[in-house]
Trainee: 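Okay, here's the structure, questions in a sec.
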Amino acid sequence: MKASITTNAKFQIAPIDDRIYGSFLEHLGRAIYEGIYEPGHPSSNEQGFRTDVLDIIRDLQVPVIRYPGGNYVSAFKWEDSVGPRELRPKRLDLAWRTIETNQFGIAEFHDWCQQANTAYMMAINLGSRGIEDARNLLEYCNDNSGAAWGDLRKQHGYPEPFNIRMWCLGNEMDGPWQVGHKTAYEYGRLANETAKTYLKFDEDLELIVCGSSNDKMATYPEWEAEVLDQSYESVDYISLHKYWNNYPKDTLSYLASHYELDEYISTVRSVIRYIKAKKRAKNDVYICFDEWNPWYHTNKRDHELLKAWNWPEAPHLFEDPYNLEDALLVGTVINSFIRNADIVKIACMAQLVNVIAPISTEKGGAVWKQTIFYPYYLASKYGRGTALQAQVASPTYDCTIRDQASYLDTSVVLNEELQEISVFCVNKHPDQALHAEISLENFSELSGLEHICLTGPDRYLTNTAQQPDRVVPQLLEPPKVNQTQSTVSLPLLSFNVLRYRYQG
Ligand code: AHR
């Protein structure tokens, strides 16, 4: 089957904010304990951080990580997680019905971020708590004036402020499941007053207000309109979340989910514009898509388990074994973020280790990469620069998401510094390769560098601790180039990175 992609050096959408390759770590299951922190593990350093996991995260070049929740944050008492470890109380985590030992807390995460080469994005509790506690936390982390909360941090062994720049004002406050769930008006007012308090301390902080938990919420998109009506001029981003599943085992509908994602982003973009105009505001608000991923392989079973269990510590929870088609879905989601680079400035794959994650660990044992690791890794590595528009002509199919869905999903990134172009392509066709003609206009002396391809003999194939390399990228023949035209063959059910170099 034939397809074509046309792009042009001059058709630039926007610079891509590197932070679209961010991630998320929550006190949930084994994300922290046995994930990134495991004193006694053969690879752990003197702080108990697993260096085998750190090595992979550094290589992934994750620019920002959101912490400590998630639903967990909405009943989190941050004071429990600082100071001498032996004095830290154990607490019930109401979100996941577990015991939280607080042996890893907000200061340890600061140290860990430095070792992981990433920026700390802190989510605050606007569920069970309010402005006073949020303000104390900010001062504990960032103040250096000699006042009490900053001094407490110093007493705890951290003379220098953490200088955290990005703050999420609560989590999924539209969700009835959330501790301290609020109406859009109640939340918008609280978020605005908290933001104003934060800006009195430091007017350059980047503040993120909660949008919808997903685009199927009954309150969406009125939630965004009301929350921004209350807070627009105090915040920089509105956060969106979305998780996907393929319960019906309908690959083609699953892989068309990005159409709904594009629509979700486009709707919220319009709401932002509407509120900006309504308020005659001067500032711009962008989208921070701070939770996204497939999430379904163990979800229903684990939700039943947690209703019945007796408050365990760091149990196995939501450890999805991801397959090839999940990796392709991840490729289409990242393509959508790149195509929307003018409005989506931060995105966090949820999560990073063990819990709905691209990286998995065994207690005392191995670390391995799930299938979804690879499109994330390849986009983080080759998807930095400027997003280019692409005109795509492809055969189509009808499915439950829409009619005439394209078999080919694409985004294009120009890296002017390296004089390179990356074309990311997902071929969703279940039994045919796509032969794509790629026109790269207004680039001279073009050459094909690499064709990196992630595919496999079976769409349900997963990687495991015992067989970690069943679904891994392979190098195919580099793309052939004739002047500005290139021809490539995209294998059935594959994620591809086509890399080119140009001279001017
Ligand atoms: O990432 C898992 C959970 O999904 C988060 O705690 C919550 O914000 C979302 O519902």
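When a ligand or atom number is given, it counts from 1 through the structure's own listing order. Starting from 1, each residue takes its place in the sequence as its number.
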Trainee: Is the shortest N/O to N/O distance between His241 and ligand 1 below 3.5 Å?
Mentor: no
Trainee: Does Tyr72 come within less than 4.0 angstrom of ligand 1, counting non-hydrogen atoms of the residue?
Mentor: no
Trainee: So, for Leu126 and Leu190, which heavy atoms are closest and what is the spacing to 0.1 Å?
Mentor: O-CD2, 3.8 Å
Trainee: Suppose we measure from atom 10 (O) of ligand 1 to each protein heavy atom; which comes out shortest, and what is that distance?
Mentor: Glu172 OE1, 2.7 Å
Trainee: Please determine if Lys300 forms a cation-pi arrangement with Tyr247, meaning its NZ or CZ atom is less than 6.0 Å from the six-membered ring centre and no more than 45° off the ring axis.
Mentor: yes
Trainee: Quick one: is the NZ or CZ of Arg153 closer than 6.0 Å to the six-membered ring centre of Tyr158, and within 45° of its axis?
Mentor: no
Trainee: Looking at Tyr264 versus Tyr220, is the centre-to-centre ring distance below 6.0 Å?
Mentor: yes
Trainee: Counting only heavy atoms, which portion of Phe24 has something under 4.0 Å from ligand 1: side chain, backbone, both, or neither?
Mentor: side chain
Trainee: Please work out, at 4.0 Å between heavy atoms, whether the side chain, the backbone, both, or neither of Trp96 comes within that distance of ligand 1.
Mentor: side chain
Trainee: How does Ile356 reach ligand 1, by side chain, by backbone, by both or by neither, if only non-hydrogen atoms under 4.0 Å count?
Mentor: side chain
Trainee: Identify the closest protein heavy atom to atom 8 (O) of ligand 1: which residue and atom is it, and at what distance?
Mentor: Glu291 OE2, 2.7 Å
Trainee: Name the residue from Trp295, Phe289, Phe24 that meets the ring pair (Phe, Tyr, Trp, His ring centres under 6.0 Å) definition with Tyr243.
Mentor: Trp295
Trainee: How close does the nearest protein non-hydrogen atom get to atom 1 (O) of ligand 1, and which residue and atom is it?
Mentor: Tyr243 OH, 2.7 Å
Trainee: Suppose we screen for salt bridge (Lys or Arg N to Asp or Glu O under 4.0 Å). Which residues come up paired with Glu226, at least two apart in sequence or across chains?
Mentor: none
Trainee: Can you check whether Glu100 reaches Leu92 side chain to side chain, under 4.5 Å on heavy atoms?
Mentor: no
Trainee: Atom 6 (O) of ligand 1: which protein heavy atom is closest, and how many Å away?
Mentor: Glu26 OE1, 2.6 Å
Trainee: Which bit of Trp295 is near ligand 1, meaning a heavy atom under 4.0 Å away: side chain, backbone, both or neither?
Mentor: side chain
